[in-house]
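The structure appears below as structure tokens.
Residue numbering restarts at 1 for every chain, and letters A, B, ... go by the order of the sequence lines.
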There are 2 protein chains.
Amino acid sequence: MGETDNSTMTDGSGVARGSGVSLWKQIAEAITAEIAEGRLAPGARLPTEAELAERFGVNRHTLRRALGVLTEQGVIEATPGRGTFVKEVPLHYAIGARTRFSEIVSSEGRAPGGRFLSSQREPAPRDIAERLKIPHGTELLRIEIVREADGVPVVCGTHWYVADRCKDLEFLVAATGSITRALEALGLGDYRRLETRVTARLADETERTLLALPAGRVVMVVESVNGDARRLPIQYTRSRFAADRVQLIVKS
Amino acid sequence: MGETDNSTMTDGSGVARGSGVSLWKQIAEAITAEIAEGRLAPGARLPTEAELAERFGVNRHTLRRALGVLTEQGVIEATPGRGTFVKEVPLHYAIGARTRFSEIVSSEGRAPGGRFLSSQREPAPRDIAERLKIPHGTELLRIEIVREADGVPVVCGTHWYVADRCKDLEFLVAATGSITRALEALGLGDYRRLETRVTARLADETERTLLALPAGRVVMVVESVNGDARRLPIQYTRSRFAADRVQLIVKS
DNA sequence: CCTATTTGTCTATATTAATATACAAATAGC
DNA sequence: GCTATTTGTATATTAATATAGACAAATAGG
């Protein structure tokens, strides 16, 4: 009785003090709502922290805590000197019989890219030989690769090719700059995915470097077997997708 | 990064610490939910504060703040030595041509009651005479009354009767204990409401005493004119309803 | 290279939320 | 009337929120 009830007062900035909900939480929810409503588009730059703090009528530290929550959630991303940006929506990566990275990225209106890290020949280890239905120890061509969308690394992977089923692949890949086109040159244009397995775990040191991930982020590990038109296994892939940049879609 | 995320942890008691929502608010909402779901019926007694504090895993003061919010909202009511109780749902008081307090209370499954405070004769003041369509100064019988539902005072009111239209009313009321029955004895059984006016304000000292209201509570002031079967005004009433115990319903 | 802008980090302080004890006051039951 | 129970109130302490100011570090733009 007689207490001032300010539980629903918002002083025009949308945040209510003494409401039982902390300011940083209210601000984080407000910004999330703006993004959800489309008033802040993916890739858009947020006002500076100083501006936002003034708009919400709080101290910059309080505002930063709100941004910290959103950063943890992977909703926004900040870089010193540049500003804070709404993260691009995750890539929708549909897994089907004909799954081509560059096609998927293009169809989402983003620029596919990537780089080759290494290629070498090695005998097939037990588990991979099993998947490729070849004898243990058969010579494989191993390629390490990172792929990007709009310059953002999305997935790093290791590809093992059955060497005598695709001769000179490494040179063709280097020449064409594309696995798809290299395989086309070998008459394996319509290779198809035969099997896919998905799991997920914390990114390790190497993956964090390749994918430019902060510590504690998750990768989805996708193993796939690809074959030629006659369903003869040609390639085994173990890819690690940055989980907060990709959504795998499996239609069934 | 690397921070312990306990934002959704609830340690089994339903309250999350460090979630950005204060414990008292979470507890208040939890109890409100229990009442809404019917797991705590109107009139039911809550566990003691000590028990609730233990159940939610908080200090008694924290719990009391939650109960304080609910008390402010008029959802619960506490009395020292007895306990804390879910408030009875407000009486739904339908205002129509045939409005009888006892009938309304009974139909809500509650026990009607009340007591007479005083009765005296006095000349009609200007405003009341106008409403009753009688000459200024006509003799009126004035009755002060308090009515209850399940022993809880709901309304206090002053009734003015046109004295020569209902002789010996005060004796009949005292004899029968009911205005309705007294009027029936006078052949005015089917008196009807002719007009109703509603306003509201803070309860004054007298009303707080009569209705057992804490300071700061609101009363609805209902003025009505009742007449006999031929719509001849018999009675003018000025009632003050405890706003948090009654909901007036006007169908139209 | 230099400068302005912007995010990142640090330290200090005030305010609010939550805890810990203790005891008063009202009620119910004997 | 006495006692146990339960709500009400007071004081002190600790933890979490929020504010204030200062400065480092990265970026962009000339």
Which residues pass the side chain to side chain donor-acceptor pair (under 3.5 Å) test with [X], not counting sequence neighbours?
X: S22(B); answer: W24(B)
X: T79(A); answer: R82(A)
X: E49(A); answer: R60(A), R64(A)
X: S119(B); answer: none

> Hey, which of these two, G83(A) or N59(B), hits DNA chain C nearer its 5' end, going by closest nucleotide?
Replying inline: G83(A)
> When we call it a touch if two heavy atoms are under 4.0 Å apart, what does R64(A) touch: a base, just sugar-phosphate, or nothing?
Replying inline: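 Here R64(A) touches the bases of the nucleic acid.
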>> Going by the rule ring-ring contact (aromatic ring centres under 6.0 Å, His included), which residues pair with F101(B) if we only count those two or more places apart in sequence or in a different chain?
In response: none
> Should E207(B) and R201(B) be marked as a salt bridge (Lys or Arg N to Asp or Glu O under 4.0 Å) after you check the CA-CA gap, both sets of side-chain angles, and the distance that decides it?
Replying inline: CA-CA 11 Å; E207(B) 289 153 359; R201(B) 56 169 168 75; 2.9 Å; yes
Output one line per pair: protein atom, nucleotide atom from nucleotides 27-30 of chain C, and distance, for all N/O pairs under 3.5 Å.
from, atom 1, to, atom 2, distance (Å)
dT27(C), O4', P80(B), O, 3.0

What are the two closest heavy atoms between [X] and [Y], and how far apart are they?
X: L67(B); Y: I76(B); answer: O-CD1, 3.6 Å
X: A94(B); Y: T99(B); answer: O-OG1, 3.6 Å
X: A28(A); Y: A66(A); answer: N-CB, 3.8 Å

Tell me every residue that passes salt bridge (charged side-chain N to carboxylate O under 4.0 Å, His left out) with [X], counting only those two or more places apart in sequence or in another chain.
X: R100(A); result: none
X: E144(B); result: R142(B)
X: E51(A); result: none

Take atom [atom1] of [X] and atom [atom2] of [N], then tell me their distance rounded to the nearest Å.
X: H61(A); N: dG8(C); atom1: NE2; atom2: C1'; value: 10 Å
X: R60(A); N: dC10(C); atom1: CZ; atom2: P; value: 13 Å
X: L63(A); N: dT9(C); atom1: CG; atom2: P; value: 15 Å

>> So does V105(A) get a backbone contact from the side chain of E108(A), meaning a donor-acceptor N/O pair under 3.5 Å?
In response: no
> Where along residues 44-52 of chain B does a heavy atom come under 4.0 Å from DNA chain D, residue by residue in number order?
Replying inline: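 Of all residues in residues 44-52 of chain B, the ones placing a heavy atom under 4.0 Å from DNA chain D are R45(B), T48(B), E49(B).
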>> Tell me the bend of the helix from dC1(C)-dG30(D) to dC30(C)-dG1(D) as the angle between end helix axes, each from five pairs, rounded to the nearest 10 degrees.
In response: 30°
> Under a criterion of less than 4.0 angstrom to any heavy atom of chain A, what are the 5'-terminal and 3'-terminal contacting nucleotides of DNA chain D?
Replying inline: dT17(D) to dA28(D)
